[in-house]
Structure formats: structure tokens, C-alpha cells
Amino acid sequence: MRTGVIGLILPPTFSFLEMMWRICPALAVGCTVVALVSPASPTPLLLAQLSGELGPFPGILNVISGPASLVPVLASQPGIQKVAFCGALEEGRALRRTLAGECAELGLALGTESLLLLTDTADVDSAVEGVVDAAWSDRGPGGLRLLIQESVWDEAMRRLQERMGRLRSGRGLDGAVDMGARGAAACDLVQRFVREAQSQGAQVFQAGDVPSEHPFYPPTLVSNLPPASPCAQAEVPWPVVVASPFRTAKEALALANGTPRGGSASVWSERLGQALELGYGLQVGTVWINAHGLRDPSVPTGGCKESGCSWHGGPDGLYEYLRPSGTPARLSCLSKNLNYDTFGLAVPSTLPAGPEIGPSPAPPYGLFVGGRFQAPGARSSRPIQDASGNLHGYVAEGGAKDIRGAVEAAHQAFPGWAGQFPGARAALLWALAAALERRKSTLASRLERQGVELKAAEAEVELSARRLRAWGARAQAQGHTLQVAGLRGPVLRLREPLGVLAVVCPDEWPLLAFVSLLAPALAYGNTVVMVPSAACPLLALEVCQDMATLFPAGLANVVTGDRDHLTRCLALHQDVQAMWYFGSAQ
Amino acid sequence: MGFHQQGYLSWISKIQVNHPAVLRRAEQIQARRTVKKEWQAAWLLKAVTFIDLTTLSGDDTSSNIQRLCYKAKYPIREDLLKALNMYDKGITTAAVCVYPARVCDAVKALKAAGCNIPVASVATGFPAGQTHLKTRLEEIRLAVEDGATEIDVVINRSLVLTGQWEALYDEIRQFRKACGEAHLKTILATGELGSLTNVYKASMIAMMAGSDFIKTSTGKETVNATFPVAIVMLRAIRDFFWKTGNKIGFKPAGGIRSAKDSLAWLSLVKEELGDEWLKPELFRIGASTLLSDIERQIYHHVTGRYAAYHDLPMS
């Protein structure tokens, strides 16, 4: 089902193709578009005029020309169901903040940098042409990080410099130029970058037949930039190529994945095995092998990490503008008195329970981290009460340190788990389902104490087991596809597990919700850190006792404690790849 | 200029050429460097000075050779050249290229026309090269005796396809010795070499063995001079220049029929190698009907009208 009204925000310099790739799928599935562009580019206005002449539907494409300060205004308009943002990182972040809690969804496509990995088994001349395509032509969106294997460093640099000498820059409509200009702002940005790079000791080489007026900037090759310098951390601006050497393929992957940007990359090697291995190892949205910048409308293009999470092109691009039919539209859940600094900072203290009556409860549960129960860092527990107000048990009070330990354990378990065959993962989930069935009576009795009727309790346990089995079966269908598009060569679309997921469970259905959230994450190869239901985490901890024997260590970690505090710790942790939250509006 | 084989075979052992990337580059070059108006006329005249005017048919006799040689001396009609102010600047084609049996006729005709452009002869079992080495060498010697100052030899493709690089090197050295003082052009017959990597390696071997020019094809194969092959050969020439400092020339032949194509070829050489290679000593185009198309374009530039077939002298 289509989403509705899309607000589209384009960066100050964008190519015609980029604009069409965002507008056309939205219109094709039936959404209408409101686009905000900077006044320097009149092309979208022309497009809107053409679309207005299409007869019975005058309002399908609307274009506003305005400054960047209008972006939050557009984004927070009540009628907009989705905002698609394409542009710089900082603005994307600011937009995410303004849109938090609003009913509009947000799709981000940030950053323009790409990466080119040149191994010593590559055809260096062709790779140099790839560099030209990527950085020094009108086809590439931004700058390029170039990683060259040390054994071919001299050869590659010589050919690059020779090739740069033949580039011609000029006005875009002159048929004999390779690249044009991108506006005064882009020119200033690149001048600042190059000056900074030079002051940090890099070597800058510029060449080419370029007019010396202001918005034209010559193609630039920067080498010997120390990796720890601030310049090397920032995104590489438009006609600059920053070249760095590497010694082995492993080092190349470490260098390539060691930036927060994850847009697109190309691997150049004539040896198929090596090329594929490097391709799989790069954490980016799109990898080209022995080519750069090949785009086709039916092939999805997107990014990961700081490059945003929206896709365009292909079926994934269409799904951006659709949502599953039957789900209600998102409601705004804006909380007026939200203070980011103080939310969940401190743990509210709990009064000790009254004198214990009846048989003394079991000793307090620890946190289930790294495959076993551990004592919490703060060494305190909180009481859990059952439906009649009596003491049901004690669970540990988790804090920031425990979260850190849990995330670390999850990361350690991740490579092994992600590398497992889908069948092995399915087998583990089914084993857990079987264990749940064996424990049915204990679990049902605990649920009863929480006020659930016996029959409903048993049904809940059965349903949990069934869900585990269902997700186990689904683990087999990974969703990778092989696509043949108009490009020379096939396109492989892989679905990779995200990494470590943080899940904060809702209060209701303490067992069922826990299991239903755990199973899909594990089925597709992720590891989890879970905060179980605050009202009754004991059920989750029972399941943990089974997981301790069945699962590899660190696969699922459970941290109990104050939900707000733990949510804050998880959200602020930079190394958690995704978070599922069920809880209060704040 | 002898190379010790063992050391320099390593120049070609690590080469690999990426075919799709070269094809992409070839498409780009044709699209991105177009020349118009008076610059186009200037480039076309320059292209004329690169042409090796060729006739390689079974029915060549002294009469059509004589016509060809005269056309080589006066490639463009006199009044058109006068209109462009280039009448007395010595616009002739670079050479005349004929079969070995016709070399005598060509030399006589050129002397009669009072022209000192060289006569190039094809040799070594042109076009297939599938004859004994002894007869191939003898052909070269006979052609040189008859007065040819440039020899276009054909390499033995079977040596390339079976990877016998040293044997190929030895053969071309022998051709070089048989040529003596004559200028040696080595035809690689790239349409039959199988892969771009083989083209690169064969180019390198030919240059190491002492050729003055490397030439893409005989003109008689199914696939003759195409841009991807040319890009690989030009890169080989550039690499050889970087390694040794010697400039070797390049000649595409076969399939170049229109003036627009010839301009694309000039752009290609300018892009890959630079302006120094745009001289008849380092660049030739092997063509026969190209000249008439260039003449028509120049006619159009000068008069603004399209010429009829009979307006321009036959070659």
C-alpha cells in the first residue's frame, strides 16, 4: 500500500538522474511528491511544470525553491507521511532529531564519497579509468578514497598523474569536456580541504586543462595524508582523490571498513576469487567489481552505517514508498516534556520489600550475559511482585557497565553466528522450542502467579514454542537474489545480518513478546541484547536457563533493570546496529 | 637494440587486461572529443598527411598503381587547397602501400610524379603469414631490393596462440635484420589473437624485437582496427616508452572509411599518447577509401555544398 505524500529534500548540487530516481518511483506507486530544492537549480521547477500539464492530476509533483532553513518546516508539516532526504550528514542528523516522534517516516541518503580498492592483480590502466569515472567526471557524485596495494603504488600513481593531465574541464554543455563545475559552495569546500591537507603534510597534485575562473576546480590527487589527521576522517569532497597504500587484502578491508561512511565501493582485481572475497568483506551498500559507478534503475543502490539507510532503484527502492497494507498510519507520539539529557539518567531507587511471608523465594537472578548468569556491576537487585502484590522474586539491577559487557559479548558471538548455515540456526531455534515445551508447567505456574489464568498461560507457552519453530523454518529462506540488469554482468543482492540488535520488550505478554522478538533476530544471523518486560522478567530469565545450555555464549544476552535507564544506555552505545523499542512515548 | 629475453619476458608475464573496462573507455572516447568547423578542416588535412594510401587487390596492375601514386602526391583537389590557404604546404599522403610485385611500378610512378614519399610493401606471406620462414625472409629482401623503404610484416599468429613468446621474438628479430635500413611495421593481426591480453603481449614483444611501428591488422581479417584493441596497443607503446625511452609508432588499418572515424582516431592517439605522436613518423592510418571521404568533407567545408561523385578526382 502506498505511503501517501512524500517530502523530498535534495542537496544543493545534484544530478538530474538522482532527482529522477527519487521522484519517479514515488510517482509510479501512486504517491505524490513535494520537493524542496535550492534556488540555484531550476530543473525541478521545469519538471513540475511538465507534470502539471499532464491533465487530470495537477498536483502530483510540487516543487518549492528555497533555502536549507526550510527543511525542518517542510519535514514537520502534518500532511507528509514520509520525508526522503538526500544530502550532507549533519543536516541529516538534525532532521532525524526534529522528526523524532512525529508521524512522518524518514529515509536518509547521506554522503557522496565512494571507495576504490586497487589490488596488484588488477589491470591498472583500467582502474585508472575507473578513478576518472568515480571522481573526475560528471558521473560521480563526490570524492574518492583510493586504496592502492603497495606493490603497484608507483605504477598507479604515475598513470594517474599522466591521465589527469589529459582531463578537460569547462562548461557542461561543451561537448568536449570531461567535467564541469559544481557551484561556488562546493569549490570553497574543496579549497578548504586541500589547504588543510597540505598543512598536515600531504602531497597534492593537480593537473588538467581547467579554466581558472572561480567555480572551476582542477582534478586533485592527495597522497601521504596521515590517517590520523582530521582531514582523513572527514568526507572527501568532490574533485579530490585521496590515495593511501595497503599491504595485504586483510589490511585493505580494515582500512576500508574503518570509516563511518558506507556508501559504495569498487574492487579491481582480475582474480575472481580475490575480488569476490574483498567484495563480501566490504561493509558498504554497493560493491562493483572491475567497474565503478555502474547504475541501472532496476538495481537497488543504497548505503549503510553513516551513509543512510534508504534505497533507490529496483524493488527495494519501491518498498521505500510503500508500507504493508493493513497497518495503520503512524501516529504522532510526540512527548512535550522530553529532556534528552535527563531521560533515564539515574535509576529510581526502590524501597525494600516488606517482611517476607511464606516460603523464602529463590536467590536473586543475575544478568544473563555471555552465556551464563553474572552478578550485575552495581551489585543490587530489584524485587518483582506478582499479581497479588506478594514478592515473586528478585532480579538484578543492570546499569551502563552491564550493557557495555552485554554488547561486547554479543559482538564476540556475532561472526560465528552470522557465519552459521541457516540450517544450523534453525536447528538451535527448534531445540529452544522443545526446551520450552519441556518447561511448560514451570512457566505456566509463573504466569499464573502474575495473574494470568491457567488455560491462557498454557496457551501462551504453546504459542511461544510454535513461534520459535516458525521462525526457525523461515531462517532457511534468506532472500538473496541474482538479478540480470542492463549492465554488463550479473547483480548479486545479498541480505546480510545487521549485527547486534538491542530489543526492549513491552510489559504485556512477558513470555510471548520476549520469544517473538528474540526469534526473528536470531533467525537471520544477528545477536541480541534484550531488556525483558519490566513487570515480570522472571519468565525471560527462565528461558535463559535453557539458552545457557543450548546456545553459544553471547548469542542472546538479557539485562534486567530500570527500563528507561537501560534504554538510554543502549541508545547511546555507538556499536549497536539497530534497536527495537516497545514502551513509553518518551 | 637487442633485449636479453630472460630478463624482459617478465615485462609481459604479469599483464592482464580488463576487457569490459577497455570497451567502456572506447565508447567514451568516441563521444567526448568532437571537433567542428575550421578546426575540423584542419584536423582532416592533418589526417590526410597520416594516410598510407593502400591498394592490395588481386587485380592491381601498373595503371591503377600509377593513378594511386599520383593521388598520393595530390590528395586534395587544387582549388580546395587554395581556398584553405594550404596549397603549397606540401599536403601529401604519408606513403603508398602495395604488394611486393607492384613495388617497381610504384617507385617508377612516384619518380615520374616527382614525389619523394616512401613506398611501403607488405611482406612475409601477407595476409595470413602461413608460409615457410625462408620464403618470408626472402620476400622482405626482394621488396627492399626493388626500392621499398618501408616493410609491413605479418607476425605468426600461431606462436601467439600457443604462447611461444621467445620464438615470436626471434622471428621478428630476423625480419628486422632482413629489412636492413628499411622501416619495419609489424602487423599483429589483432582480430585473430583472441584476447586483449594477447594483443598487449604481442605488441610488447614486437617493440622489444625492434619494430618501428606496430600495426593493428592486415585489413583482410573479419575484425580489423577497433578502438578497444587500439587502446591496448597505445598503452603498450606508452609503457615501452616509459621503460626504454624509445618512441614506437602506431598504425590502425582496415575498416576506417569515414572522415568522422579518422577524427576519432586522431583524438584517441592525442588522449592516450599526446601531441608528440601526431606526426607521420609516429602515426599512420592504413586506408584506401578514406581519402575520398575526407575530400568530400573538405569540399563541403569550403563550398557549403555536398559534392557529387564525379566532382572529385578518382584515385
Side-chain angles (χ1 to χ4, degrees), chain A residues 116 118-134 136-139 151-152 154-155 157-159 161-170 172-180 208-209 266-272 274-275 288-294 487-490, chain B residues 11-37 39-40 43 195-197 199-201 203-204 227-228 230-243 260 263-264 266-278:
Chain A
L116 195 145
L118 216 174
T119 64
D120 63 355
T121 52
D123 175 8
V124 181
D125 282 304
S126 296
V128 166
E129 291 298 325
V131 173
V132 172
D133 271 341
W136 298 318
S137 71
D138 282 332
R139 288 181 291 283
S151 43
V152 292
D154 291 323
E155 215 183 298
M157 290 302 271
R158 183 175 192 180
R159 281 163 215 263
Q161 290 171 353
E162 176 87 15
R163 182 75 179 88
M164 281 165 81
R166 307 242 186 270
L167 291 171
R168 298 184 69 213
S169 177
L173 289 178
D174 179 349
V177 297
D178 292 308
M179 56 188 220
D209 177 15
S266 65
V267 176
W268 290 79
S269 164
E270 291 294 311
R271 270 201 239 134
L272 183 63
Q274 185 187 41
W288 296 290
I289 296 189
N290 285 332
H292 197 104
L294 300 178
L487 307 168
R488 185 181 289 270
Chain B
W11 286 8
I12 62 167
S13 57
K14 282 206 311 176
I15 288 300
Q16 45 253 329
V17 176
N18 187 286
H19 190 78
V22 173
L23 289 178
R24 273 200 297 279
R25 172 73 175 139
E27 282 166 21
Q28 274 176 30
I29 291 211
Q30 294 175 60
R32 284 186 165 252
R33 295 284 187 268
T34 48
V35 188
K36 297 284 175 209
K37 301 193 199 153
W39 295 281
Q40 189 185 55
W43 278 46
S195 74
L196 291 177
T197 311
V199 169
Y200 187 98
K201 291 184 183 178
S203 313
M204 268 305 205
F227 285 107
I231 289 175
V232 173
M233 288 174 71
L234 290 171
R235 285 179 182 168
I237 292 177
R238 185 194 53 199
D239 289 347
F240 188 77
F241 173 59
W242 281 352
K243 285 193 165 87
K260 189 152 160 262
L263 291 178
L266 259 67
S267 294
L268 177 63
V269 173
K270 189 181 163 88
E271 279 282 302
E272 288 285 322
L273 291 174
D275 287 341
E276 304 129 34
W277 259 264
L278 283 177

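Atoms considered below: every heavy atom in the structure, side chains included; atoms not considered: hydrogens, waters and symmetry mates. Proteins come first, then strands; the chains are lettered A, B, ... in the order of their sequence lines, and each starts at number 1.
Residues Arg159(A) and Trp242(B) form a side-chain contact, since some pair of their non-hydrogen atoms from C-beta on lies under 4.5 Å apart.
When the salt bridge (charged side-chain N to carboxylate O under 4.0 Å, His left out) test is applied to Arg168(A), the partners found at least two apart in sequence or on another chain are Asp209(A). Remark: Trp268(A) engages Ser266(A) in a side-chain hydrogen bond (donor to acceptor under 3.5 Å, both in side chains) (not counting sequence neighbours).
Interface remark: Asp133(A) contributes side-chain atoms only to the contact with chain B (heavy atom separation under 4.5 Å). With a threshold of 4.5 angstrom between heavy atoms, Leu23(B) approaches chain A through side-chain atoms but not through N, CA, C or O. Using a 4.5 Å cut-off between heavy atoms, Glu162(A) touches chain B through its side chain atoms alone. For chain B, the nearby parts of Arg158(A) are the backbone and the side chain; heavy atoms of each come within less than 4.5 Å. There is no contact between Ala127(A) and chain B, counting heavy-atom distances below 4.5 Å. No part of Lys36(B) comes within reach of chain A, as not one of its non-hydrogen atoms sits under 4.5 angstrom from that chain. Of the two parts of Leu273(B), only the backbone, made up of N, CA, C and O, holds a non-hydrogen atom closer than 4.5 Å to a non-hydrogen atom of chain A.
Judged purely by atom type and a 3.5 angstrom limit, Trp277(B) has no side-chain atom pairing as donor or acceptor with the backbone of Val269(B).
Note that CE of Met164(A) and CH2 of Trp136(A) are 4.0 Å apart. Values are rounded to the nearest 0.5 Å.
The pair Glu272(B)-Arg166(A) fails the salt-bridge criterion, with no side-chain N (NZ, NE, NH1 or NH2) lying under 4.0 Å from an Asp/Glu carboxylate O.
Between chain A and the residues Thr197(B), Ile15(B), Asp239(B), the largest count of heavy-atom pairs under 4.5 Å involves Asp239(B).
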